[in-house]
There are 2 protein chains.
Amino acid sequence: MTDTAPRPTLEAVAARAGVSRATVSRVVNGGDGVRDILVERVRKAVEELGYVPNQAARSLVTRRHDAIAVVVAEPETRVFADPFFALQLRGISKELTAHDNQLVLLLTEGRDDHARVGRYLAGGHVDGALVFSLHLDDPLPELIQRAGVPTVFGGRPGWSGDRHGVAYVDSDNRGGARDAVRHLVGLGRTRIAHITGALDQTSAVDRLDGYRDVMVDADRRLIAEADFTPAGGERAMRELLDRCPDVDAVFAANDLTAAGALRVLRESGRRVPDDVAVIGFDDMLPVAEQTDPPLTTVRQDIEEMGRLMARLLLRGPDQGTRREGVGGTSSSVVLPTTLVRRASA
Amino acid sequence: MTDTAPRPTLEAVAARAGVSRATVSRVVNGGDGVRDILVERVRKAVEELGYVPNQAARSLVTRRHDAIAVVVAEPETRVFADPFFALQLRGISKELTAHDNQLVLLLTEGRDDHARVGRYLAGGHVDGALVFSLHLDDPLPELIQRAGVPTVFGGRPGWSGDRHGVAYVDSDNRGGARDAVRHLVGLGRTRIAHITGALDQTSAVDRLDGYRDVMVDADRRLIAEADFTPAGGERAMRELLDRCPDVDAVFAANDLTAAGALRVLRESGRRVPDDVAVIGFDDMLPVAEQTDPPLTTVRQDIEEMGRLMARLLLRGPDQGTRREGVGGTSSSVVLPTTLVRRASA
DNA sequence: CTGAAAGCGCTAACAC
DNA sequence: GTGTTAGCGCTTTCAG
């Protein structure tokens, strides 16, 4: 578990190149202000010896780590049941790699883990953190703020009294929801229902708000609460059918939920989209394309969200739009969504 | 991006507790051989100062990092389209956390990334690596071996001439496939087809072998090659229907493929399982439970695979079953699979 | 433009 | 048991 072969040090390279350690260091770190001849000699020595800088030693003096933590709160299995997380990670990874940063993944399962993560972040092991805060009452954001690590959140954090200058990247959930519902309206539907997501997550709340924006004085019975799962979607759809048999369209908070609704609709003998039009959210391919009929849905560019989070963090908190001041700056970003038309609406 | 507040050092704690740095160090690292009174005093000082050890300084001298790299080769989007990866990661994370190790995630997208990963691993930043080698011709394993980092592979690595003593964790793909096909046979089916996965991955090859184990002299036309995707499944199913209209069962290399096959079967007017029984592989819940009818499939415990990989790595290469010798030891593990019966077969 | 020297914060012998 | 001491490998003033 320890290093096997004793790796060459700066010293060794210096000796071989016939220069001082300082010079080698300079060359290794960008090599400005060193004569070309020496640069060449050092490069050669590095090559021959297979020298790789010792990051620990470097960090010790620079106090930087070129590493950022990605914290994923994972109380539910749900997030693992969809590729959301993986895609976001991919975007993050790409951006970090481009900036020579490492990605330290911190998965939390429960209360105990919060403390662990807090400690780790406070321990100054990383230069920043990317945090996915899934629930309104999540204690993590608080802990992290206290750890004093530059942070960007994935998805609008929902803690009460939004702190000043929290940086986050989110999809335009509300706008996307509006587009979906407007599309339904454009189809001539009048009894448009909404199956919500888990309302302790801002994305669910925002999508509900978007629905309400369009359906200003909608029948309250047209709103059924679910939790982003297929099972929840089925349950909600049954309720809906029960309360409002005349429903002619459903906007579900995500694709999984929509898939559940679809199934219940079919069972009940309704044809989609003829009798009831259905729209989902996410455009989670393996789900949206496989349903019967394929799902019309609101797409968000998940990978891009990840990339942006990383970019925002690496750029640092000082480059926001507003002037620095109380509470810092930290511009946040909200990405647009697009409606993807398939057969269900 | 740098540390903000100057954190207290061992020195500071020592001063406050009125002891030497060495004593504080001892207490911090397990505190054996220190008088209880002093332990107490040190603990208090640590608490009051909010002392957290500087990992860089520690690594510099111990040459350990308490960090392992997880390398995921990602040439295809496929892997991201299913929760496989996330589940495995979760298992790994749990085990590492339990042993106070950090998880450094390395995602590779293409050729350039290989070099980067190789350099990182060779750089001695981590104590070991967990590698998901997806394709037979993947250059990564080679690179990694050369880097001289203890490594455990996820899935049997497929490079020609299997090197001595490569540690890996895999599912019993072959056995699982056998179970599936036997189940089909038990159902009285005689024209049992197989839709393969991408045959440049050992899992696909092993599943095909399992099929052949049971269908010893099967009609060759009953085997159609696909690539683990739903689209591939559709294509293969069409071929199959074309070549052998009398097919009465299909064992697909994974659930996604099975889902595609299911769709084509329905289109063609076949009833499942009455006319054609279908079995998948993976038990990828969001897919297997959502198909119509729900999929009978071979389940593998993915999270456990991840956990085992980490355990194997942390335990070190010296504790294998065999004696140490040329090529080391490194016991590998193959996990059993179980058949999950749903409606499709 | 280059080298010498002083640590970064910690652990691990080795004395006491 | 506890303290003293010598680095781990690197960056970075500061001289030259």
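Throughout, protein chains are lettered first and strands after them, A, B, ... in sequence-line order, and every chain is numbered starting at 1. Basis for what follows: all heavy atoms, side chains included, without hydrogens, waters or symmetry-related copies.
For the side chain to side chain contact (heavy atoms under 4.5 Å, CB included) test, residues two or more places apart in sequence or in another chain that qualify with A:Ala22 are A:Ser20, A:Arg26. Every residue two or more places apart in sequence or in another chain that forms a salt bridge (Lys or Arg N to Asp or Glu O under 4.0 Å) with A:Glu303 is listed here: A:Arg90, A:Lys94, A:Arg307. Residues forming a ring pair (Phe, Tyr, Trp, His ring centres under 6.0 Å) with B:Tyr120 (at least two apart in sequence, or on another chain): B:His125. For B:Asp301, there are no side chain to side chain donor-acceptor pair (under 3.5 Å) partners at least two apart in sequence or on another chain. With sequence neighbours excluded, the residues that form a side chain to side chain contact (heavy atoms under 4.5 Å, CB included) with B:Ile144 are B:Leu121, B:Val131, B:Leu140, B:Thr151. Residues meeting the salt bridge (Lys or Arg N to Asp or Glu O under 4.0 Å) test with B:Asp170, sequence neighbours left out: none.
The two residues A:Asn54 and A:Arg7 have their closest heavy-atom pair at CA-NH2, 4.3 Å. The two residues B:Phe85 and B:Leu107 make their nearest non-hydrogen contact at CZ-CD1, 4.3 Å. Scanning both residues, B:Gly155 and B:Tyr168, for their nearest heavy atoms gives O-CB, 3.9 Å. Between A:Thr9 and A:Tyr51 the shortest heavy-atom distance is C-CE1, 3.6 Å. Nearest heavy-atom pair, B:Ala69 versus B:Leu106, reported as atom, atom and distance to 0.1 Å: CB-CD2, 4.0 Å. Heavy-atom minimum distance, B:Pro157 versus B:Val166: CG-CG1, 4.1 Å.
For DNA chain D, the residues of residues 10-19 of chain B within the heavy-atom distance limit of 4.0 Å (strictly under) are B:Val19, sorted by number. Residues from residues 49-56 of chain B lying near DNA chain D, meaning a heavy-atom separation below 4.0 Å, are absent.
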Using a 3.5 Å cut-off and no angle test, enumerate the donor-acceptor pairs between side-chain atoms of residues 28-45 of chain A and protein atoms at least two apart in sequence or in another chain.
from, atom 1, to, atom 2, distance (Å)
A:Asn29, OD1, A:Arg58, NH2, 3.2
A:Asn29, ND2, A:Ser25, O, 2.7
A:Asn29, ND2, A:Ser25, OG, 3.4
A:Arg41, NE, A:Ala17, O, 2.9
A:Arg41, NH2, A:Ala17, O, 3.3
A:Lys44, NZ, A:Glu48, OE2, 3.3

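On the nucleic acid side, DNA chain C has its first and last nucleotide under 4.0 Å of a heavy atom of chain B at C:dG9 to C:dA13, going 5' to 3'. Taking every nucleotide of DNA chain D with any atom under 4.0 Å from a non-hydrogen atom of chain B, the first and last of them, 5' to 3', are D:dG1 to D:dG9.
Across the helix from C:dC1-D:dG16 to C:dC16-D:dG1, the helix axis at one end is tilted relative to the axis at the other end by 30° (nearest 10 degrees, each axis from five pairs).
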Quick one, A:Arg315 with A:Leu312, criterion side chain to side chain contact (heavy atoms under 4.5 Å, CB included). Give me CA distance, side-chain angles, the key distance, then yes/no.
CA-CA 5 Å; A:Arg315 199 177 54 181; A:Leu312 220 52; 3.2 Å; yes
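Put simply, the side chain of B:Leu87 does not reach to within 4.5 Å of the side chain of B:Met305, judged on heavy atoms.
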